[in-house]
Colleague: 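Pasting a structure below so you can have a look.
When reading the values below, keep in mind they use all heavy atoms of this one structure, side chains included, and skip hydrogens, waters and symmetry mates. Labels below follow one simple rule: chain letters A, B, ... track the order of the sequence lines, proteins then strands, and each chain is numbered from 1.
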Amino acid sequence: MRIEKTITLAVKRFFTEKSLPEPDSSLIQLQKTRKEFEGDLTLVVFPLVRLMKMSPAEAGLVLGNYLKELPGISDFNVIKGFVNLVVKSSYWIDFVNESAGDSNYGYHEYTVDRETVLVEFSSPNTNKPLHLGHIRNNLLGNSLTRIFEANGKDVKKVNLVNDRGIHICKTMLAWEKWGNNMRPVDAGKKGDHFVGDLYVMFEKAYRNEIERMVEKGMNEEEARREASLIKEAREMLRKWEAGDPAVVELWNKMNGWVYEGFDVTYERLGVSFDKIYYESDTYHKGKEIVGEGLKKGLLIKKEDGSIWADLTHRGLDEKLLLRSDGTSVYITQDLGTAVMRQEDYNAGKMYYVVGNEQDYHFRALSLILEELGYAWAQNIEHISYGMVELPSGKMKSREGKVVDADNLIDEMIQTAGKLSEELGKLEGLSCEEKESIVRVIGMGALKYFILKVDPKKNMIFNPEESIDFNGNTGPFIQYTHARIRSLLKKAEQTGIVANSAGAADFQLSKKETGVSALLHEFPQVVAEAGKTCSPAIIANLIYELAREYNQFYHDHPVLKEENCDIRNYRIHLSTLTGEVIKKGMALLGIEVPDRM
RNA sequence: GGUUCCGUAGCUCAGCUGGAUAGAGCAACAGCCUUCUAAGCUGUGGGUCCCAGGUUCGAAUCCUGGCGGAAUCACCA
């Protein structure tokens with residue numbers, strides 16, 4: 001049994017034996033002992049003193065003496081109202097020796113009726129290549145699916161591509177006007193970049209046209225509406241909705257280019273999906289649902305024909321669902337998508353990884369679904385993450401102040417390559433091996449930099465700091481893993497084998513217990529990360545573990561240790577640390593090399 | 001203006017279901033490679049936890065009110 005559980009049960013038993021009222025589990029507060037005190041786990045007695053009718057000091061002493069008799073506890077001390085418990089070295093040694101090599105360590109079992117959980121992430125528009133904001137989204141979504149899996153869920157990864165609307169028509173129009181019938185290959189560009197450039201071209205020309213009209217005395221709002229370019233784009237949208245074959249063909253062609261480009265970026269990010277939904281498919285369903293809701297009298301139709309959901313009694317406003325001309329808005333297709341997904345998967349939970357700018361939207365979405373009578377609406381959870389900003393402020397596509405995903409990935413890998421070269425780390429490896437390791441390091445740096453921050457918070461992405469490979473970074477953790485692998489390889493080569501048989505007992509050093517205790521925490525942190533939808537807490541633990549292990553490694557011989565019980569334990573400690581780093585990083589979607 | 005979120009070291013971030021003297025990394029400075037990878041390790045300096053009240057044995061953490069910042073409240077997505 002885990003030591004925390006043993007202690008909690010013992011505290012309860014203490015109260016029963018003394019005929020005192022048994023304390024609620026929430027009153028038994030165990031925490032890590034702070035570094036400056038002797039001990040491993042600390043019981044806070046303040047919440048218990050009322051039940052015991054003693055002073056904190058007395059209560060601490062009594063409880064400490066009682067708990068000291070437990071098999072896993074060797075000693076204790078009381079400071080103020082804190083009982084610092086010293087866990088026996090043998091407990092840590094047994095734990096480490098048993099867990100090393102256990103491929104399931106840290107993962108959580110599932111029962112026969114395994115819950116299906118759906119995670120939507122990425123959700124790009126097809127008029128622009130992916131940028132830094134999408135990277136955070138993709139990395140978070142991908143990592144969360146792995147974390148949910150580790151917690152025993154059957155996870156379905158889904159993407160919702162916004163492939164229709166006026167913005168796509170703008171790129172189509174731009175291609176017709178200025179594309180010279182070129183394909184991305186002709187321009188030597190990735191498909192998504194090719195189309196994105198056309199979009200920028202359109203916006204530029206559109207702005208120019210507005211300016212000219214304003215110079216001639218028109219007010220800006222009118223010019224924005226009346227410019228010939230936007231009229232043409234709108235006309236194209238109308239034709240698309242009417243199913244005009246030529247327009248649909250062009251639409252298919254250009255979206256195809258974009259998807260080819262996205263596929264490359266997804267591949268590099270290590271992201272994939274079980275199913276991709278397209279807005280052009282789901283918005284029909286959304287319209288249907290709205291129609292049914294109206295028939296049932298659950299929605300309101302206004303005089304101009306527009307259809308609304310009344311959410312005023314739920315603390316929100318009225319929400320538009322269909323325009324007066326009968327066309328759908330953003331939320332219409334989200335309603336359709338949600339219903340389609342429920343039909344497809346019947347998931348126990350539907351997560352949406354979407355930026356916090358859409359908090360209001362998702363509140364409205366689940367409320368509307370509830371209003372429409374879908375009981376599963378309460379299974380919807382918006383995983384809301386913060387914006388990514390640059391040191392110079394917000395990213396603004398209009399000012400060209402965006403960090404392009406592909407460029408960023410290239411730069412990270414280049415930097416990793418340059419550094420590896422300078423440090424002479426990869427001498428004697430083949431080109432392919434070098435390339436692969438450099439890619440793993442560069443991507444590790446990028447992914448870790450983003451995932452170590454609490455998803456809920458806005459973050460600042462400083463390109464200079466992100467390519468730093470020292471300190472709290474992905475490469476630091478990867479390096480620790482590589483060191484361990486190298487150590488274990490050496491053990492193998494020299495015939496030093498760790499045997500798993502036989503209990504051992506000797507005094508562990510401070511660092512040894514430190515590493516052991518962090519390894520011991522891993523399973524709870526995996527569970528906690530699943531509950532709170534936060535890869536960051538896994539990143540924090542893995543970092544702390546790597547740091548602690550490096551300190552241990554610095555002043556404890558492993559293979560050269562002569563006492564074989566101690567050597568045995570240290571090899572197991574290294575093995576388990578390597579495994580937990582590898583697993584933890586895998587939960588973040590980060591690979592770890594055996595050499596670097 | 002309403003609603004929601006945020007404010008911790010020069011910078012980037014931990015810590016927040018109340019617990020001990022608030023921690024890391026970066027940056028600065030000073031050390032450690034004949035020993036399992038120095039992408040490592042050790043040390044030094046650095047704080048009005050935005051401000052003011054309140055709740056209590058105890059508040060960075062909870063409550064109220066300010067100040068500062070962000071998002072959102074579209075017949076945009």
Colleague: Pick the closest RNA chain B nucleotide for A/Q551 and for A/I437 by heavy atoms, then say which residue is nearer the 5' end.
Modeller: A/I437
Colleague: So which nucleotide from B/rC41, B/rC57, B/rC13 ends up closest to the side chain of A/F46?
Modeller: B/rC57
Colleague: Taking A/E433 first and then A/R595, would you say they form a salt bridge - that is, a charged N and a carboxylate O separated by under 4.0 Å?
Modeller: no
Colleague: Is the ring centre of A/F37 under 5.5 Å from the base ring centre of B/rA20, and are the two planes under 30° apart, so that they stack?
Modeller: yes
Colleague: So, is the end of the A/R136 side chain (NZ or CZ) under 6.0 Å from the ring centre of A/Y385 and within 45° of the ring's axis?
Modeller: no
Colleague: Any salt bridge between A/K511 and A/E548, counting N to O under 4.0 Å?
Modeller: yes
Colleague: Find which nucleotide of RNA chain B each of A/V44 and A/K35 is nearest to by heavy atoms, and output the residue with the more 5' nucleotide.
Modeller: A/V44
Colleague: Name the nucleic acid region contacted by A/Q478, choosing base, sugar-phosphate or nothing; use a 4.0 angstrom heavy-atom cut-off, strictly under.
Modeller: nothing
Colleague: When we call it a touch if two heavy atoms are under 4.0 Å apart, what does A/L559 touch: a base, just sugar-phosphate, or nothing?
Modeller: base
Colleague: What's A/S420 touching, base or sugar-phosphate or nothing? Going by heavy atoms closer than 4.0 Å.
Modeller: base
Colleague: Does a side-chain N-to-carboxylate-O contact under 4.0 Å join A/K231 and A/E235?
Modeller: no
Colleague: Mind checking if A/N125 touches a base, just sugar-phosphate, or nothing, with heavy atoms under 4.0 Å?
Modeller: sugar-phosphate
Colleague: Using a 4.0 Å heavy-atom cut-off across all strands, classify A/D555 as base, sugar-phosphate, or nothing.
Modeller: nothing
